[in-house]
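One structure is given here, and the rest of the page talks about it.
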Amino acid sequence: MDDGLYLRYRAISIFKHTAERCKPLADLLTCASAVDRVEGCADVFRAVAESGCESTGEWLKLLAESDDNVFSRCCARGDRLPSGLKAQVNNELTTFKQLSLIKPDDYATDAVREFLPRFAFGGFSVTFDKLAAFYAANGCGRISGGNAFVYKDGQFYPAHDVDASLSDLKNYAEEKAEIVRNTENFINGLPAFHTLLYGDRGTGKSTTVRALAREYRDKLKVIELSKNDIEKLPKLNSELYGLKQKFILFIDDLSFDETDGRADGFKAALEGSLDSSSGNTLLYCTSNRRHLFKERDKADARNKNDETQAELALFDRFGLVVTYINPGKDGFIDILKQILRSRGMKWRDEYATVAELAALKKGGRSPRAAKQIADLIETSYAERL
């Protein structure tokens with residue numbers, strides 16, 4: 001047993017979460033039996049493999065980069081670092097480097113040598129300056145590992161459906177340009193507005209917002225939350241407060257029932273807490289509904305007027321409203337042509353007839369319908385260029 005290294009491991013205080021997650025590696029230092037050694041090597045091998053890393057050093061680096069602690073938060077906010085904190089961080093990075101050099105062969109006896117899980121070791125290249133720069137650029141905790149997330153149950157989870165780009169949404173140039181202009185103003189610290197993307201289903205409103213994560217990968221993070229989690233907006237904003245990164249908070253398919261108490265909180269968030277933040281959060285919402293509030297009994301004029309006033313009050317809090325509408329017949333065919341050509345397929349005039357029949361079955365013309373029809377043509381009719 002390496003008493004000195006194990007004591008250094010137990011003294012870790014800043015990167016406590018990283019220390020807890022790499023416990024299988026440190027526990028190898030205290031193994032007293034062959035069974036413990038074999039199980040310990042198996043645990044380390046599994047942890048490294050599941051992380052997608054090549055070695056224990058890379059694994060420890062990944063854990064450290066995703067650690068949410070006083071040091072990572074100071075760096076992510078651009079705060080001054082006390083000298084004592086810097087010294088402790090350097091000590092702990094030295095400990096992780098030494099842990100990364102633990103070799104599986106040190107625990108191999110003749111009885112287990114043949115089948116002992118042999119993890120790759122070494123490769124911990126993290127320095128204080130590199131890690132501080134990483135946090136400053138990417139943030140800390142789970143949000144450091146990407147730029148598209150889903151916020152659920154108070155946790156950040158990576159979003160996996162962000163492979164679309166703005167160029168994938170054919171036409172709608174003016175609508176996309178308004179969103180891009182507002183987003184770039186936000187990134188550059190210029191006046192920018194909470195935005196509502198409103199209009200027909202399947203016109204690419206959600207795709208536009210999600211594509212921003214890909215278009216501005218190094219400058220922006222997009223965090224999506226359900227409309228059922230609207231009341232968590234103040235908590236989410238508090239978690240992001242002061243960080244140097246820019247965040248789009250995205251709510252898809254926004255609408256409220258007439259008795260929904262969340263509407264008042266949402267209006268307050270638009271007007272108050274988000275706007276009074278450090279300027280690093282902006283809210284983008286989409287809605288298919290002509291009215292954000294589901295209509296009351298039309299015979300009740302007083303309620304109808306109250307609903308209209310409430311809806312206007314909510315609309316007024318969006319500084320930018322961008323409308324997406326379904327294309328006409330010619331526009332629909334043009335979108336389909338562009339999609340097919342982008343996939344390397346020739347256009348044939350009979351596809352227009354196929355498209356019209358399919359659009360009728362799908363309930364109308366939309367970019368989403370055009371994409372689905374392109375899928376159909378590609379698998380059944382298409383001729384490559």
### Task
Spell out, as yes or no, whether a donor-acceptor pair under 3.5 Å connects the side chain of Lys246 to the backbone of Gly279.
yes

### Message
If you count heavy atoms of other groups shown closer than 6.0 angstrom to CD of Gln155, is the number above 12?
### Response
yes

### Task
Determine the minimum heavy-atom distance between Ser167 and Ser165, stating which atoms define it.
OG-OG, 2.9 Å

### Summary
Leu116 and Ala108 have their tightest heavy-atom pair at CD2-CB, 3.7 Å

### Message
With a 3.5 Å distance limit and no angle check, can you tell me whether Asn185 reaches the backbone of Ala192 through a side-chain donor-acceptor pair?
### Response
no

### Message
Grouping I, L, V, M, F, W and Y whenever their side-chain heavy atoms are under 4.5 Å apart, do Phe45 and Leu99 come out in a common cluster?
### Response
yes

### Query
Salt bridge between Lys227 and Asp253, side-chain N to carboxylate O under 4.0 Å?
yes

### Message
What I want to check is whether the side chains of Asn288 and Tyr198 have a donor and an acceptor closer together than 3.5 Å.
### Response
no

### Query
Can you check whether Phe193's main-chain N or O pairs, donor with acceptor, with Thr195's side chain at less than 3.5 Å?
yes

### Task
Look at the aromatic rings of Phe96 and Phe124 and report parallel, tilted or perpendicular, splitting at 30° and 60°.
tilted

#### Entry: Any Leu249 side-chain heavy atom under 4.5 Å of Tyr151 side chain
no

### Query
Do Ile223 and Leu254 sit in the same hydrophobic cluster, where Ile, Leu, Val, Met, Phe, Trp and Tyr count as joined when their side-chain heavy atoms come under 4.5 Å apart?
yes

### Task
Mind jotting down which residue pairs meet the salt bridge (Lys or Arg N to Asp or Glu O under 4.0 Å) criterion with at least one end in residues 107-123? Sequence neighbours excluded, please.
Asp105-Arg118, Asp110-Arg113

### Task
Kindly determine whether Glu239 and Phe156 satisfy side-chain contact (heavy atoms from CB on, under 4.5 Å), including the steps that lead there.
CA-CA 11 Å; Glu239 290 186 53; Phe156 296 97; 3.5 Å; yes

### Query
For residues Lys221 and Asn138, is any side-chain donor paired with an opposing acceptor at under 3.5 Å?
no

### Pair listing, ring-ring contact (aromatic ring centres under 6.0 Å, His included) test, anchored in residues 54-81, at least two apart
Phe71-Phe128, Phe71-Tyr135

#### Entry: Ionic contact status for Glu20 with Lys16, cut-off 4.0 Å
no

### Task
Hey, could you give me each pair passing salt bridge (Lys or Arg N to Asp or Glu O under 4.0 Å) that has a residue in residues 181-201? Not counting sequence neighbours.
none

#### Entry: salt bridge (Lys or Arg N to Asp or Glu O under 4.0 Å) partners of Lys23, counting only residues at least two apart
Asp27

#### Entry: Flag side-chain contact, heavy atom, 4.5 Å: Leu320 against Leu196
no

### Task
For the pair Tyr216 and Thr183, evaluate side-chain contact (heavy atoms from CB on, under 4.5 Å) and give the outcome as yes or no after the intermediate values.
CA-CA 9 Å; Tyr216 301 98; Thr183 302; 4.2 Å; yes

### Enclosure of Leu357 CG (heavy-atom neighbours >12, cutoff 6.0 Å)
yes

### Task
Output all residues satisfying salt bridge (Lys or Arg N to Asp or Glu O under 4.0 Å) with Glu356, sequence neighbours left out; order by chain, then residue number.
Arg365

### Message
Enumerate the side-chain hydrogen bond (donor to acceptor under 3.5 Å, both in side chains) contacts for residues 46-58, please, sequence neighbours excluded, ordered by first and then second residue.
### Response
Asp43-Arg46

### Query
Quick one: does Thr207's side chain get under 4.5 Å of Asp168's, heavy atoms only?
no

#### Entry: Co-membership, hydrophobic cluster, residues Val126 and Ile102, 4.5 Å side-chain
yes

### Query
side-chain contact (heavy atoms from CB on, under 4.5 Å) with Phe247: which of Ile143, Asn237, Val222, Leu236?
Ile143

### Exam field: side chain Tyr172 to backbone Ile325, donor-acceptor pair closer than 3.5 Å
yes

### Query
Are the side chain of Ser100 and the backbone N or O of Lys97 linked by a donor-acceptor pair below 3.5 Å?
yes

#### Entry: Distance-minimising heavy-atom pair for Lys176 and Leu166
NZ-O, 3.0 Å

### Query
Does the side chain of Glu175 come under 3.5 Å of the side chain of Thr203 through a donor N or O and an acceptor N or O?
no

### Query
How would you list all residue pairs meeting side-chain hydrogen bond (donor to acceptor under 3.5 Å, both in side chains) that involve residues 71-81, not counting sequence neighbours?
Asp68-Arg73, Asn69-Ser72, Arg77-Asp79

### Query
Between Val322 and Ile187, is there a shared hydrophobic cluster once you connect ILVMFWY residues whose side-chain heavy atoms come closer than 4.5 Å?
yes

### Query
Just wondering, do Lys103 and Asp106 contact through their side chains at under 4.5 Å, heavy atoms?
yes

#### Entry: Check: Pro158 and Val150 side chains under 4.5 Å, non-hydrogen atoms
no

#### Entry: Flag if over 12 foreign heavy atoms under 6.0 Å of NZ, Lys219
no

#### Entry: Flag, side chain of His194 to backbone of Leu283, donor-acceptor distance under 3.5 Å
yes

### Task
Compare all side-chain heavy atoms of Arg21 with those of Ser66 and state whether any distance is below 4.5 angstrom.
yes

#### Entry: Asn228 atom CG, over 12 foreign heavy atoms within 6.0 Å
yes

### Summary
Residue set satisfying side-chain contact (heavy atoms from CB on, under 4.5 Å) with Ala76, at least two apart, ordered chain then number -> Cys140, Leu243, Gln245

## Note on the structure
Sorted by chain and number, sequence neighbours left out, salt bridge (Lys or Arg N to Asp or Glu O under 4.0 Å) with Lys371 holds for Asp375

### Joint cluster assignment, Leu62 & Val89, ILVMFWY side-chain distance < 4.5 Å
no

#### Entry: Smallest separation among heavy atoms of Ala42 and Pro117, with atom names
CA-CG, 3.8 Å

### Pair listing, salt bridge (Lys or Arg N to Asp or Glu O under 4.0 Å) test, anchored in residues 120-142, at least two apart
none

### Message
Do Pro327 and Pro367 have side chains that approach each other closer than 4.5 Å (heavy atoms only, starting at C-beta)?
### Response
yes

### Query
side-chain contact (heavy atoms from CB on, under 4.5 Å) between Phe250 and Ser206: does it pass, once the steps are laid out?
CA-CA 9 Å; Phe250 172 42; Ser206 302; 4.1 Å; yes

### Query
How would you list all residue pairs meeting side-chain hydrogen bond (donor to acceptor under 3.5 Å, both in side chains) that involve residues 318-334, not counting sequence neighbours?
Asn171-Asp334, Thr208-Tyr324, Asp334-Gln338

### Task
Go through the structure and list residues passing salt bridge (Lys or Arg N to Asp or Glu O under 4.0 Å) with Glu65, not counting sequence neighbours.
Lys61

### Query
Does any non-hydrogen side-chain atom of Ile373 lie less than 4.5 Å from one of Phe332?
yes

### Message
Please determine whether side-chain contact (heavy atoms from CB on, under 4.5 Å) holds for the pair Leu336 and Trp347, giving the CA-CA distance in whole Å, both sets of side-chain angles, and the decisive distance to 0.1 Å.
### Response
CA-CA 9 Å; Leu336 178 59; Trp347 172 258; 3.9 Å; yes

### Message
For the residue pair Thr94 / Asn91, report whether a side-chain donor-acceptor contact shorter than 3.5 Å exists.
### Response
no

### Query
Does the side chain of Glu224 pick up a donor-acceptor pair with the side chain of Tyr284 at under 3.5 Å?
no

### Task
State whether the side chain of Lys205 and the backbone N or O of Cys285 hold a donor-acceptor pair below 3.5 Å, judged by distance alone.
no

### Task
Step through the shown structure and confirm whether more than 12 heavy atoms of other residues, nucleotides or ligands are within 6.0 Å of OH on Tyr107.
yes

